[in-house]
Amino acid sequence: MTAHTPSRLWRNARLATMVAGTNPLGRIEDGVVAARDGHIVYAGPAAGLGAFDAEETIDCGGRWITPGLIDCHTHLVHAGNRAREFEMRLKGASYEEIAKAGGGIISSLRAFRAADEAALIAETLPRLDALIAEGVTTVEIKSGYGLDLSNEIKALRAARRLAEKRPVSVTTSFLGAHAVPPEFKDDRAGYVAHVVEDMLSEIARLGLADAVDAFHETIAFSAEEVDRVFTRARALGLPVKLHADQLHDNGGAALAARHGALSADHIEHASADGIAAMAAAGTVAVLLPGAFYFIHETKKPAVDDMRKAGVPIAIATDNNPGTSPLTSLLLTMNMAATLFGLSVDECLTGVTREAARALGRLGEIGTLEPGKWADLAIWDIEEPAELVYRIGFNPLHGRVWRGNI
């Protein structure tokens, strides 16, 4: 927020407040939003506002206002690309085969370690700008390509600095348990101990991470290893989230729920028992259709089971160099609808209210309600469904972050 955020009033608007209730999107036809000191003080029917002394009034011309969009799962800070692996995949190589051949995360590790913090920021800014241009006001960014203490710190510092260079909120996740780095290839237990005993403590001391993540999969970390990481994270006061059940049903959804995780992400192979455990724990399902599409997966997440169980559903780009080089949350919504069968309402709440819930930030962002940050996206559309329906078209008219245009 700048030194002075004027009190502002957005009038003559249609609102999709995303507040949960009988009206799925919280639709208000003749709506206004009032903000003071960067926070919403009123969002509702124009007739209910009463007196509000605004320094600036913006006529929205009947446009729609939604909360600013939230990309709640990205690996945005990375170096280089893995276009060669894309070619290999087109010729039939699987994700696991590429990883075992020295590609995958370890390939990104080499490029990442060779880049300094300034280079990482310079390379990441265009990806962040692409998201901002589509109305994104909050983005989660994971580490996980450095895989040693100095490089993981470099990743998280770069992520924090992005928020100094652009009007956007950044939430960081420490993903030291992403892969075993080459120097520990014959000492897996030693690497897990390094993450638990050294890296987590220092990163928590520096205040660089808002949460701790891990990759639980046959080609990544076991349940026992994740247990160690998450137990330590919780002891340090850090919430957890998990890459779970992406390629196999390894019980990842239940593992995430057992630790009270904010979210379990991917979960294409999650079992009914795992989904029930998530519902009981209040763990959000973060679906990542970009990765599903890009690596030619065929097993779809059990969306109907999630609905019946009452599991909140968020969606995100999963931007990363190897399995989802996607920088469009609008396209992600279309993919979630066409590939996974989500409704328009589920897609829209999945990049606002439920994405905020997946970050543990629903008290601050994700809906248009008094007390929350005035993060808004203003759209040149006739109906909210257009945000999910269109492909390769951006109808953003204006973007507001913390009350500032």
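All figures in this text were calculated on a predicted structure; none of them were measured in a lab. These values consider heavy atoms only, across backbone and side chains, with no hydrogens, waters or symmetry-generated copies.
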Measuring from [X]:[atom1] to [Y]:[atom2], what's the distance to the nearest 0.5 Å?
X	Y	atom1	atom2	answer
Leu156	Phe174	CG	CZ	7.5 Å
His216	Asp227	NE2	CG	9.0 Å
Glu369	Arg353	CD	CZ	9.5 Å
Leu15	Glu29	CG	CD	9.0 Å
Ser150	Leu147	OG	CG	11.0 Å
Asn394	Ser328	CG	OG	7.5 Å

So, are [X] and [Y] salt-bridged, with charged N and O less than 4.0 Å apart?
X	Y	answer
Arg82	Glu87	no
Glu140	Lys241	yes
Arg166	Asp129	yes
Glu383	Arg63	no
Glu117	Arg157	no
Lys154	Asp116	no
Arg232	Glu197	no
Glu134	Arg399	no

Stepwise side-chain hydrogen bond (donor to acceptor under 3.5 Å, both in side chains) test for Thr327 and Asn319: CA-CA 6 Å; Thr327 52; Asn319 175 264; 5.4 Å; no
Are [X] and [Y] linked by a side-chain donor-acceptor pair shorter than 3.5 Å?
X	Y	result
Arg8	Thr57	no
Trp401	Ser169	yes
Thr74	Asp71	no

Output, in order, the C-alpha distance, side-chain angles, deciding distance and verdict of side-chain hydrogen bond (donor to acceptor under 3.5 Å, both in side chains) for Asp213 and His178. CA-CA 8 Å; Asp213 202 342; His178 198 194; over 6 Å; no
Salt bridge (Lys or Arg N to Asp or Glu O under 4.0 Å) evaluation trace for Arg89 with Glu97: CA-CA 9 Å; Arg89 196 174 291 113; Glu97 288 168 342; over 6 Å; no
Aromatic ring proximity, centroids under 6.0 angstrom, His75 and His243: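 Aromatic pair counts; centres sit under 6.0 Å.
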Between His78 and Phe112, ring centroids under 6.0 Å: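 Not under 6.0 Å, so no.
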Under the criterion side-chain hydrogen bond (donor to acceptor under 3.5 Å, both in side chains), I'd like the reasoning laid out for Arg160 against Thr172: C-alpha separation, chi angles, the key distance, then a yes or no. CA-CA 8 Å; Arg160 292 280 200 227; Thr172 56; 3.3 Å; yes
Is NZ or CZ of Arg11 both nearer than 6.0 Å to the six-membered ring centre of Phe52 and within 45° of the ring axis? no
Would Arg390 and Phe393 count as a cation-pi pair here, with the cationic atom under 6.0 angstrom from the ring centre and within 45° of the axis? yes
Would you please test Gln246 and Ile267 for side-chain contact (heavy atoms from CB on, under 4.5 Å) and show each step? CA-CA 5 Å; Gln246 179 184 8; Ile267 62 170; over 6 Å; no
Steps toward side-chain contact (heavy atoms from CB on, under 4.5 Å) verdict (Asp265, Leu242): CA-CA 6 Å; Asp265 302 26; Leu242 186 65; over 6 Å; no
Test Ser107 against Arg84 for side-chain hydrogen bond (donor to acceptor under 3.5 Å, both in side chains), laying out the working first. CA-CA 11 Å; Ser107 173; Arg84 176 64 186 130; over 6 Å; no
Compare every heavy atom of Ala179 with every heavy atom of Tyr191, then report the nearest pair and how far apart it is.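 Heavy atoms of Tyr191 and Ala179 come nearest at CE2-O, 3.4 Å.
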One pair to check against side-chain contact (heavy atoms from CB on, under 4.5 Å): Phe340 and Phe292. What are the steps and the verdict? CA-CA 10 Å; Phe340 292 166; Phe292 174 90; 3.6 Å; yes
Which of these, Val388, Ile70, Leu329, sits in a side chain to side chain contact (heavy atoms under 4.5 Å, CB included) with Val351? Leu329
